[in-house]
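The shown structure was predicted, so the numbers you read here are calculated from the model rather than taken from an experiment. Residue numbers start at 1 and run along the sequence shown. When a ligand or atom number is given, it counts from 1 through the structure's own listing order. Computed from heavy atoms alone, side chains included, the values below leave out hydrogens, waters and symmetry copies.
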Amino acid sequence: MISLKKVFMRYPNGVNALNGLDLEIKEGEFVFVVGPSGAGKSTLIKLLLKELQPTKGKIVMDGEDITKVHARRVPRIRKKTGVVFQDFRLLPNKTAYENIAFALEITRTKSKEIKPLVKKIMQMVGLDGKEKSMPNELSGGEQQRVSIARAIVNDPPILICDEPTGNLDPETSWEIMRLLRSINRAGTTIIMVTHDKNIVNNMKQRVVAIENGRIVRDDASGVYGYDD
Ligand SMILES: Nc1ncnc2c1ncn2[C@@H]1O[C@H](COP(=O)(O)OP(=O)(O)O)[C@@H](O)[C@H]1O
Ligand SMILES: [Mg+2]
């Protein structure tokens, strides 16, 4: 489903963020990406979202080399991938409902289809009754549920999460992990960058460790493996 072959990323200032990274992810996998700060994790995510173009190497997604895709077809590539961030990134002046509906408006979903889709997804992520709440009226966990709903409402095959529990307390983090795991069980491939040792060590999923822009460890049922 996703394949990176000898991917190099050198930023204009000369920093080599990725140094020949090789990674294969199959459809339906749940993959933790770990590693020290500055290792290249966010760079990897930006390449998968096509926010960056690698200096060298091949990135195949769903059978297509996305490094060769023309600029005007980038939106079609981005539709394959939902994304969730540590800081939620909700639109502050829109309700929970509107934040999610907005993702459907962007993909030109027919307006009469939007309401039932948003209702269904809000129920699925556990946000029933919160339709009219503004982001600042929601808890961190609820805001992250809105952000997850927004990321999956267009039904992308891949969900990328960059430290989705980084701003949440341990109990709320586990609720979010249960939600992500249920989304994964329903068929979505999930790639999650995290520094949460407790979560990685308890989930017993595939763990890929990156250091200095390369994969240094890749275990099918792995552990976090760092002290922080
Ligand atoms: N836009 C950028 N321009 C220049 N260097 C960058 C940029 N973004 C990240 N870097 C550098 O690339 C390396 C990898 O960064 P990053 O992918 O953000 O690591 P991580 O997410 O693992 O902490 C670091 O040395 C970082 O300073
Ligand atoms: Mg990062």
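By the criterion of a separation under 2.8 Å, the protein N/O/S atoms near the Mg ion (ligand 2) amount to Ser42 OG.
Within 6.0 Å of the CG atom in Asn202, the count of heavy atoms belonging to other residues, nucleotides or ligands exceeds 12. By the neighbour-count criterion of 12 heavy atoms within 6.0 Å, atom CZ of Arg72 is sparsely surrounded, having that number or fewer from other residues, nucleotides or ligands. Annotation for Phe102: atom CZ does not count as buried by contact number, only 12 or fewer foreign heavy atoms lying within 6.0 Å. No more than 12 heavy-atom neighbours from other residues, nucleotides or ligands sit within 6.0 angstrom of CG on Asp227. Within a 6.0 Å radius of CZ in Arg217, more than 12 heavy atoms belonging to other residues, nucleotides or ligands are found. Surrounding CD of Glu113 are more than 12 heavy atoms belonging to other residues, nucleotides or ligands, all under 6.0 Å away.
With hydrogens left out, the protein atom closest to atom 18 (O) of ligand 1 is Ser42 CB, 3.7 Å, a heavy atom. Shortest contact from atom 19 (O) of ligand 1 to any protein heavy atom: Gly40 N, 3.2 Å. Among all protein heavy atoms, the one lying closest to atom 1 (N) of ligand 1 is Tyr11 CE2, 3.6 Å. With hydrogens left out, the protein atom closest to atom 23 (O) of ligand 1 is Gly38 N, 2.7 Å, a heavy atom. For atom 15 (O) of ligand 1, the closest heavy atom belonging to the protein is Thr43 OG1, 3.9 Å.
Interface of Pro36 with ligand 1, defined as ligand atoms under 4.0 Å from a residue heavy atom, comprises 22 (O). Each of the following atoms of ligand 1 lies closer than 4.0 Å to a heavy atom of Ala17: 12 (O), 13 (C), 14 (C). Close contacts between ligand 1 and Ser37 involve ligand atoms 23 (O) [criterion: under 4.0 Å to a heavy atom].
Using a distance-only test at 3.5 Å, with no hydrogens or angles considered, no donor-acceptor pair links the side chain of Thr188 to the main chain of Leu159.
For the pair Lys197 and Tyr224, the cation does not sit on the ring face, since its NZ or CZ is not both under 6.0 Å from the ring centre and inside 45° of the axis.
Looking only at atom types and distance, the side chain of Glu27 has no donor-acceptor partner in the side chain of Thr189 under 3.5 Å away. Between the side chains of Glu175 and Thr172, not a single donor N or O lies within less than 3.5 Å of an accepting N or O.
Of all non-hydrogen atoms in Tyr226 and Val216, the two that sit nearest each other are OH-CG2, 4.4 Å.
For atom 27 (O) of ligand 1, the nearest protein heavy atom is 4.0 Å or more away.
Contacts between Asn13 and ligand 1 below 4.0 angstrom, taking non-hydrogen atoms only, involve the side chain exclusively.
Residues Ile25 and Val83 share a hydrophobic cluster, clusters being chains of Ile/Leu/Val/Met/Phe/Trp/Tyr side chains in contact below 4.5 Å.
In terms of polar-atom proximity, defined here as any N/O pair under 3.5 Å, Val15 makes no such contact with ligand 1. For Ala39, a nitrogen or oxygen atom sits less than 3.5 Å from a nitrogen or oxygen atom of ligand 1, counting backbone and side chain alike.
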